[in-house]
Amino acid sequence: MASFISTLLFLFLMGGASPAGGQSSELTEPMCYDWGESSEAGVSVLEGESGWLSCPLFSHPSVYNYTSTQSAGHTLFWYRLLQGQDLEEPITSSSRLSKDRERLWLQPATSDDTGQYICMLRNKSSCSKIAMRLTVLRPDQVVRGVDCEPPVAVAATSEYIGLQGGKRLDCPDLQDAAKMADGEPTVTWYHVRRELSMCRQYPFWNNERQQNGASLRFYVMLDSYQGLYFCTVHYQRRGKTLNFTRSINVTAIYPPTVPKYPSILRPPKDLVSTVKPGSKVRLNCTGHFPIIRPDAVPEIWWTVDGKTLDKLADQRFSQTTRQVDYDRGDRFIENVLLIQDFQSEDLNKEFNCSVKNERGFETRRVQLREDVWLPSVELGCGLGVTLLLMLLLFVVYHVFWLELLLLYRSWFGTDERHTDDKEYDVYISYARNSEEEQFVLSTLRRVLENELGYSVCIFDRDSLPGGTITDETLSFVARSRRLLVVVSPGYASQGSQALLELKAGIDGMALGGHLRVILVQYKPVQRHSWVRELRRARVALALVRWQGDKSRELTSRFWKRLRVELPVRRVGREEEEEEEEGGNKEAVLMRLHSQNSTNSQTGLISNTVKDPQKVLNCAS
Ligand SMILES: *[C@@H]1O[C@H](CO)[C@@H](O)[C@H](O)[C@H]1NC(C)=O
Ligand SMILES: *[C@@H]1O[C@H](CO)[C@@H](O)[C@H](O)[C@H]1NC(C)=O
Ligand SMILES: *[C@@H]1O[C@H](CO)[C@@H](O)[C@H](O)[C@H]1NC(C)=O
Ligand SMILES: *[C@@H]1O[C@H](CO)[C@@H](O)[C@H](O)[C@H]1NC(C)=O
Ligand SMILES: *[C@@H]1O[C@H](CO)[C@@H](O)[C@H](O)[C@H]1NC(C)=O
Ligand SMILES: *[C@@H]1O[C@H](CO)[C@@H](O)[C@H](O)[C@H]1NC(C)=O
């Protein structure tokens, strides 16, 4: 409005010198009714092509009808608002810019034409105006699907052709050009397709598609003929050659000969759905709508007890519709009825899904049944957690079973020293003069005695020269709680000390003499090289393997496993107990006795084994 006033003011100040002369007399005219800028009337034209602006006042003929306004003495004026200025410049007709009824033609358009245009309808007593925008595009400003497509400033129109069917396509806007042309316009048609990454431009029409005069005729429509078709209209006007190009999106659809009744695909006819009262319930319905006309609106809706949701007016019910599939014009539409807080009495309601198009109607009731409460989720969760816990325990047990066992023993195990009258915790039996000897004397024995606090007995004799040795061996074994057998290839060869010890141990175990045999393997030994007694015993006995350097630490698996097999001994607390028992006569006597007995038999208490021939090395 302000701009118009300023224009008038400008014209007034300029006096009669304005290009649109004679306007000064109209200053007394009533103010013009301004409709603002019409957004939908915006026009794009390709640079160099011909195009037009159509005054949007006449887009609603019930309001403004061009024919009737002419008869009421109205005149249509065109103005142009210069870029960045408030000045409305009247447009003077030329051979390039011309008025034709409600249109302003640009033949051709130039890039300078871009801007806002105003059309004003006016008679002596009334005036209306409306603005619109014109954009003149350079070819490189046009968005194209494939680069070899020609640039088109106007959106493609759509055409639908039934498969195997025929149709005549006319170039859009051809009739408008024909009115402006001096002679008959000519049209060229082409179809652009990308084939094997190569852009191909038809026409090489065949007897299924042909150009027929200005039109393109389809005789037999195929799927492969779908896509964008382009037509360029050429015409002559006042000695100028003009053109414009339009595009048509051709889509194949099912022909009209196939049945067009709508149908309900889902739910199936006799399906009974289970619902849970108190929860959100979704009822799904999918309808198939065969194509009749491309713009036909398919209808799919739910009714509750015969009432549409609008009539029902219950906040708990709502429906949402969406297209789930599209096939050559046929549409598959889903409508989901959402029921908030489903009530038990809703079970008795009649839920119907209905579909409808121009040709028919179908309705189907969904059968609902109350869901028998199965705590499937809760049960599943509980079971899952239980299984997980069991798995965890299983893993923990497998990784830490030795530690757990030792812990258990340290809490609940009974100290065998209080229940038997044995002198030694461990009697070590091994093959003399072997690789294992060093291991037994320097490692096993040191750790067992010094670090773990066991009393260890090692009877050092290679052979059995006399009966007394045999008796002594048996007696020492019998007075030990464990017989620790260090298995080696030459262990327990016939007639050796070790064989005697092994037999004594196995017999002692068999007779229930509070003796247990433990097998320790220093180096891997072939099973078949074992003596028969050992092989038999292995079935029932634990075998603790020395793992080289890995086993040196007291915290290693080797020592843990060995401790599990050995009598319960609480390291650390042991000393305190012994301190306490310091005054206990009995204990002192016991210890004296055991020392005495050792002394009496060997006359020696020695930790160092310098002479394996002669040393009987049992110390408490
Ligand atoms: C405009 O009015 C004329 C007569 O006044 C009428 O014949 C014509 O159909 C009208 N046009 C439209 C588009 O309504
Ligand atoms: C101007 O147009 C209006 C209708 O738009 C009409 O009523 C009026 O009579 C016209 N005035 C003249 C002077 O023709
Ligand atoms: C249309 O006309 C313009 C200007 O004369 C020309 O540059 C262009 O190539 C023509 N387009 C076609 C498709 O003939
Ligand atoms: C042509 O129309 C079909 C279906 O109507 C659509 O899927 C396709 O995107 C359109 N193609 C172009 C280039 O507009
Ligand atoms: C309907 O479909 C939704 C998912 O799309 C599903 O969650 C729901 O359970 C379905 N309802 C029935 C009654 O089948
Ligand atoms: C609901 O559908 C059934 C068929 O499943 C039909 O017999 C019944 O008449 C329909 N009810 C309404 C109200 O349309």
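Whatever order the structure lists ligands and atoms in, that order sets their numbers, starting from 1. Residue numbers run from 1 in the order of the sequence given. No experiment lies behind these values; they were computed from the predicted model shown.
Residue-to-ligand polar distances keep T303 apart from ligand 6: every N/O pair is separated by 3.5 Å or more. Below 3.5 Å of separation, one finds an N or O of N123 facing an N or O of ligand 2. Annotation: R364 places no N or O atom under 3.5 Å from an N or O atom of ligand 6; distance criterion only.
Side chains of Q323 and R331: a donor-acceptor N/O pair is present below 3.5 angstrom, by distance only. The closest side-chain donor-acceptor pair between Q236 and D182, if any, does not fall under 3.5 angstrom. Between the side chains of S215 and D170, a donor-acceptor pair is found at a separation under 3.5 Å. No side-chain donor from either of E149 and Y190 sits under 3.5 Å from a side-chain acceptor of the other. No side-chain donor from either of D173 and Q175 sits under 3.5 Å from a side-chain acceptor of the other. Between the side chains of Y229 and S247, not a single donor N or O lies within less than 3.5 Å of an accepting N or O. With hydrogens and angles left out, the side-chain atoms of E208 and Y225 include a donor and acceptor closer than 3.5 Å.
Around NZ of K311, the count of heavy atoms belonging to other residues, nucleotides or ligands within 6.0 Å does not exceed 12.
Atom 9 (O) of ligand 2 is not flagged as protein-proximal [any protein heavy atom, distance under 4.0 Å].
With a 4.0 Å cut-off on non-hydrogen atoms, K269 does not touch ligand 6 at all.
Residue G306 has at least one heavy-atom neighbour below 4.0 Å for each of these atoms of ligand 6: 13 (C). Interface atoms of ligand 6 facing E350, defined by a heavy-atom separation under 4.0 Å, are 1 (C), 8 (C), 10 (C), 11 (N), 12 (C), 13 (C).
In terms of protein heavy atoms, atom 4 (C) of ligand 3 is closest to G48 O, 3.8 Å. When only non-hydrogen protein atoms are considered, atom 13 (C) of ligand 3 lies nearest to T232 CG2, 3.7 Å. Protein heavy atom closest to atom 11 (N) of ligand 3, with residue, atom name and distance, is N243 ND2, 3.0 Å. Of the protein's heavy atoms, R365 N, 2.9 Å lies nearest to atom 5 (O) of ligand 6. The protein heavy atom nearest to atom 14 (O) of ligand 3 is H234 CE1, 3.1 Å.
The ring of Y64 has its center no closer than 6.0 angstrom to the ring center of H60.
Nearest to atom 2 (O) of ligand 6 by heavy-atom distance, out of D270, V304, T363, N352, is N352.
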